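For clarity, every value in this text was computed on a predicted model and none was experimentally measured. Naming convention: chains lettered A, B, ... in sequence-line order (proteins, then strands); numbering from 1 in each chain.
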Protein chains: 2
Amino acid sequence: MPDSQSPKPNTREAILDAAEAVVTEEGAGRLTIDAVVARSGFSKGGVLYHFPSKIALLEGMVARLMGTIEHDLEAAETAAQQAGEPVASHLLRVIADKRHLESDLPVALLAASAEQPHLLDPARALNQRLWERIRDASSDPIQALILLLVIDGMSFNDLIKFKQFSDEDRAAVKARLIAMSKDLFQ
Amino acid sequence: MPDSQSPKPNTREAILDAAEAVVTEEGAGRLTIDAVVARSGFSKGGVLYHFPSKIALLEGMVARLMGTIEHDLEAAETAAQQAGEPVASHLLRVIADKRHLESDLPVALLAASAEQPHLLDPARALNQRLWERIRDASSDPIQALILLLVIDGMSFNDLIKFKQFSDEDRAAVKARLIAMSKDLFQ
DNA sequence: GTCTATATCAAGATAGAC
DNA sequence: GTCTATCTTGATATAGAC
């Protein structure tokens, strides 16, 4: 099905790229429309045509990030099914994956959500769906919850650079989590 | 020991009160010097005499919050010593206490730290000290770390309203944590 | 230590040409 | 769909009187 609606290379994506670059290279505090304009090469009018407000831009950034994560989750699911392994543990592995948290992008969106509480709603929804799937696939919901909370705790600590973990700590925690998830998923 | 230095009722504290009120009642995004001025009843000049910049004000808010938490920790420590119980589990209980996270104040400071990364340094330092104390008091550091990470995970989820927990979930997790901490601290 | 008044500026957003 | 130019606002901060 050819895309007759948008023949041009996607300007929206280029703007979102620029916005992410601003955040990761200049910091969350420098994410202004002017900065995105300067970095994208488009004019202010051009940027504001695609994202009529700063909130719209932030929503676009959240939506794209959620899309990326969903894509990773679906890939993990497919891989698990093909390998005949429990899907839930693969989903857990994706959640524990640090890659999506390594840039300053999630911090920037988190910060922006303090002013616009609804901004993270898509992230909340994805998070909740995922937790419910893992819970329902487990033989012990509370054990599953504890497992997820350990991962959440580690992720959040990494995100805002609170507790600093050594590689040994990480490896040891991971080993325990694997032990704790023995026989948890069918 | 009479306080000969500051005979007047503490203006600084009143300004910090106003700043907290702005955050909790109007939201993190409305924390401006003007808003603090309006709410405190002082003039802009007066506020800026005590906190010469917005960053200074935020630093003051962080410092006071950390002071409150330290106070709670010391109280827990004294109580534990008097009861002849392990200090570490009392510290854990304070960390798990939701009270300090229930207002929007921590979210606001978290958001502000995206622009001013050093803002949370006092919080990071307190958090790290606390973790080290608990770790050193435990017979199994990794088990202690996992315990803390569960609490962190729950706290952060509450803070940014990610996962929503039922009271039953909370009670069940708490029971597991107590079971997990059996014989962990001397 | 607290006030009023004002300077300065950055940022979001609009209008209309092309 | 993209541009330039301009408007408007809200916020930080300064200066100096009291």
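Atom CG in A:Leu91 sits 10.5 Å away from atom CD in A:Glu74 (nearest 0.5 Å). To the nearest 0.5 Å, the span separating CG on B:Leu57 from CG on B:Leu31 amounts to 6.0 Å.
Looking only at side-chain heavy atoms (C-beta outward), A:Phe51 and A:Leu58 stay at 4.5 Å or farther from each other. No side-chain heavy atom of B:Ser113 sits under 4.5 Å from any side-chain heavy atom of A:Ile160. A heavy-atom distance below 4.5 Å is found between the side chains of B:Phe185 and B:Leu92.
Residues from residues 16-38 of chain A lying near DNA chain C, meaning a heavy-atom separation below 4.0 Å, are A:Thr32, A:Ile33 in numerical order. Applying a 4.0 Å cut-off to non-hydrogen atoms, the residues of residues 40-54 of chain A that approach DNA chain C are A:Lys44, A:Leu48, A:Ser53, A:Lys54, listed by residue number.
Between A:Leu110 and B:Leu110, the shortest heavy-atom contact is CD2-CD2, 4.1 Å. For the pair A:Met154 and A:Val173, the tightest heavy-atom approach, listed with the atom from each and the gap, is SD-CG1, 4.3 Å.
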